[in-house]
Amino acid sequence: MKQRNFPDPELMPPPIKGSDEGSFAHSSVAVRLGVIAKRVIAENDFTPEIVENLEKLIQEIPYGLVRPLQDTHSPDLAAWTSYLEPFQNCNWLEIPWYFAEAYFYRRILEATHYFQPGRWQAVDPFEYQKNLGLSTAIDAIAALSNFVNNAIQDIHPNKTYLKELIYFDLWGNRADMSLWPAGEVEQNRVESEREKSYILADDTSKVADRIASFSSTRIDFIIDNAGFELIGDLCIADFLLTTNAAGTVYFHLKAHPTFVSDATIKDVIYTTEFLAKSSDRDVKAFALRLKNYIANNRLKLREHLFWTSPLPLWEMPDTIVNDLARSHLIFLKGDANYRRSMGDRHWPFTTPYGDIVSYFPAPLVALRTLKSELAAGLQTAQIEMLNHQDPDWLTNGQWGVIQFVDRS
Ligand SMILES: O=P(O)(O)OC[C@@]1(O)O[C@H](CO)[C@@H](O)[C@@H]1O
């Protein structure tokens, strides 16, 4: 088994909680979760009983006590019973923020009978949002498809193209439907020329240099959102497989719907079929390569209940650690995964990111736009400038990091 470096619990700062006065976490739990549940009711044609379940959930937040799950057909019932054990008699603000969110989205599935045999089994309550996230991004998708079709013309990985694809993929993380419902805010701008100064830590050149040295390796993505962000992931995967920098690419996906827009295997298949139906020649060519890579098992789609659990990433089960240890590079996508990589705790923003994620079993590159009050690897002068220039810099999704942590 791969040697594991767990962070020392004695040295770790406290978890972010909704009870942190005046915090974004507080407004997220006290306000935003209820809004998301109301949108689930509005965007589906549920029975009165399911609507009542959702309305009861809304009423429970934030001062009701969290309780064990009750959907007896679910595969993760026992796991969630043990997760919730330490938080008996706690309300939604008193439990760690990430836990509260993961639990909320799992309660949505309980309320909508996602795991229960019958009419609503495996019906994704966020399907409307996810599909809208694609249909409102048609122009950006066509532009990205044209770009990746050009990027793969060189027999060897062209670092200039690769760096632009990484930037596209970073900014695709702005399109987060738990914050900004699809179509309401123009987040799908394909704009690699966006000021690089919005990137607070930029290891893109190191990542491109490492990938340029690869031949027929294994590269993994711990995936975040469906919709436009997934297009960016698929572009990089296409580039890596077509240039043969990677012999195989693994997508690690959520075992069930969560965080509104997080991607499942079903979402990846839907996305490739959506692209294949396009009348745009570039989009269709891109889609056909993806379908071919999936059919020939070079693009491997994997799901696991750990990715939908409330646990920090250092609690990955050995099966996942030993599997990821075979990777030459892991792309860690999005804000929620970044939060999990740090245990969603109040680390000083100047803490070197590599000091926190030393437990990862392979080289890691995190692509994250800032949408929560947590950061690592920043300089004091940067923090002072940001607090002055853009007081909402931690949560407005306008700033990003591309942080490489080597394990050579
Ligand atoms: O993982 P993503 O999609 O990049 O961002 C998700 C997220 O950070 O955005 C919301 C606002 O903080 C949180 O609910 C959630 O953790």
Side-chain angles (χ1 to χ4, degrees), residues 15-18 20 22-37 39-40 61-62 92-93 95-108 126 129-130 133 137 168-182 184-185 187-188 199-200 221-233 251-254 257-264 267 307-313 331-346 365-376 392-403:
I16 296 172
K17 289 187 177 178
D20 296 346
S23 67
F24 181 77
H26 179 88
S27 64
S28 267
V29 175
V31 178
R32 196 164 55 85
L33 297 186
V35 170
I36 290 167
R39 192 177 300 119
V40 166
I61 299 171
W92 289 70
L93 298 173
I95 60 179
W97 179 35
Y98 188 83
F99 192 109
E101 288 190 302
Y103 174 66
F104 165 75
Y105 289 107
R106 183 59 185 76
R107 286 286 304 274
I108 292 270
F126 309 112
Q129 274 296 317
K130 288 175 180 178
F168 287 152
D169 201 24
L170 169 70
W171 297 126
N173 180 238
R174 273 200 313 262
D176 165 9
M177 295 162 232
S178 74
L179 277 174
W180 306 290
E184 286 187 12
V185 178
Q187 294 286 3
N188 299 328
I199 301 176
L200 301 172
F221 287 70
I222 300 174
I223 293 288
D224 182 27
N225 291 314
F228 185 65
E229 180 174 354
L230 185 62
I231 300 291
D233 300 327
F251 274 17
H252 301 280
L253 297 145
K254 298 303 195 295
T258 190
F259 280 78
V260 180
S261 40
D262 280 20
T264 62
D267 294 319
W307 305 119
T308 46
S309 83
L311 302 175
L313 291 189
F331 281 84
L332 183 71
K333 291 298 311 306
D335 185 69
N337 281 323
Y338 194 89
R339 292 170 54 194
R340 290 186 75 182
S341 74
M342 297 171 61
D344 212 28
R345 291 171 176 266
H346 287 289
V365 53
L367 274 63
R368 176 234 181 172
T369 55
L370 280 74
K371 292 179 274 194
S372 52
E373 291 164 329
L374 161 145
D392 295 331
W393 65 278
L394 280 166
T395 56
N396 60 18
Q398 295 308 303
W399 303 84
V401 292
I402 297 171
Q403 292 170 311

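What you see is a predicted model; the values in this text were computed from it and never measured. Scope of the values below: all heavy atoms of this structure, side chains included, with no hydrogens, waters or symmetry mates. First listed ligand is number 1; within each ligand, the first listed atom is number 1.
In terms of modelled atom types and a separation under 3.5 Å, the side chain of Asp267 and the main chain of Ala226 share no donor-acceptor contact. Using modelled atom types, no side-chain atom of His252 and backbone atom of Phe221 make a donor-acceptor pair closer than 3.5 Å. Formation of a donor-acceptor pair under 3.5 Å by the Asp20 side chain with backbone atoms of Lys17 is found in this model. The backbone N or O of Asp233 lies less than 3.5 Å from a partner atom in the side chain of Asp169, making a donor-acceptor pair. Under a 3.5 Å cut-off, the side chain of Lys254 and the backbone N or O of Asn225 do not form any donor-acceptor pair. Checked by atom type and distance alone, the side chain of Asn337 never pairs as donor or acceptor with a backbone atom of Leu332 at under 3.5 Å.
The shortest separation from a heavy atom of Trp97 to ligand 1 is under 4.0 Å, placing the residue in contact. For the ligand labelled ligand 1, residue Arg368 lies outside the 4.0 Å heavy-atom shell. No heavy atom of Tyr338 sits closer than 4.0 Å to any atom of ligand 1.
Listed by number with element, the atoms of ligand 1 under 4.0 Å from a non-hydrogen atom of Arg339 are 8 (O), 13 (C), 15 (C), 16 (O). Applying the 4.0 Å criterion to heavy atoms of Phe259 picks out, from ligand 1, the atoms 15 (C), 16 (O). Applying the 4.0 Å criterion to heavy atoms of Phe24 picks out, from ligand 1, the atoms 11 (C), 12 (O). Of all the atoms in ligand 1, the ones that sit under 4.0 Å from a non-hydrogen atom of Glu101 are 13 (C), 14 (O), 15 (C), 16 (O).
Between Arg32 and ligand 1, an N or O atom pair is found at a separation short of 3.5 Å. Between Lys371 and ligand 1, a contact under 3.5 Å exists for at least one N or O pair. Some N or O of Asp335 is nearer than 3.5 Å to an N or O of ligand 1, by distance alone. Between Asn173 and ligand 1, at least one pair of N/O atoms sits closer than 3.5 Å.
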Where do Tyr98 and Phe259 land on the ring-ring contact (aromatic ring centres under 6.0 Å, His included) test, with the steps shown first?
CA-CA 11 Å; Tyr98 188 83; Phe259 280 78; 5.4 Å; yes
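Looking only at side-chain heavy atoms (C-beta outward), Trp307 and Ile223 stay at 4.5 Å or farther from each other.
Neither the backbone nor the side chain of Tyr98 comes within 4.0 Å of ligand 1, counting heavy atoms alone.
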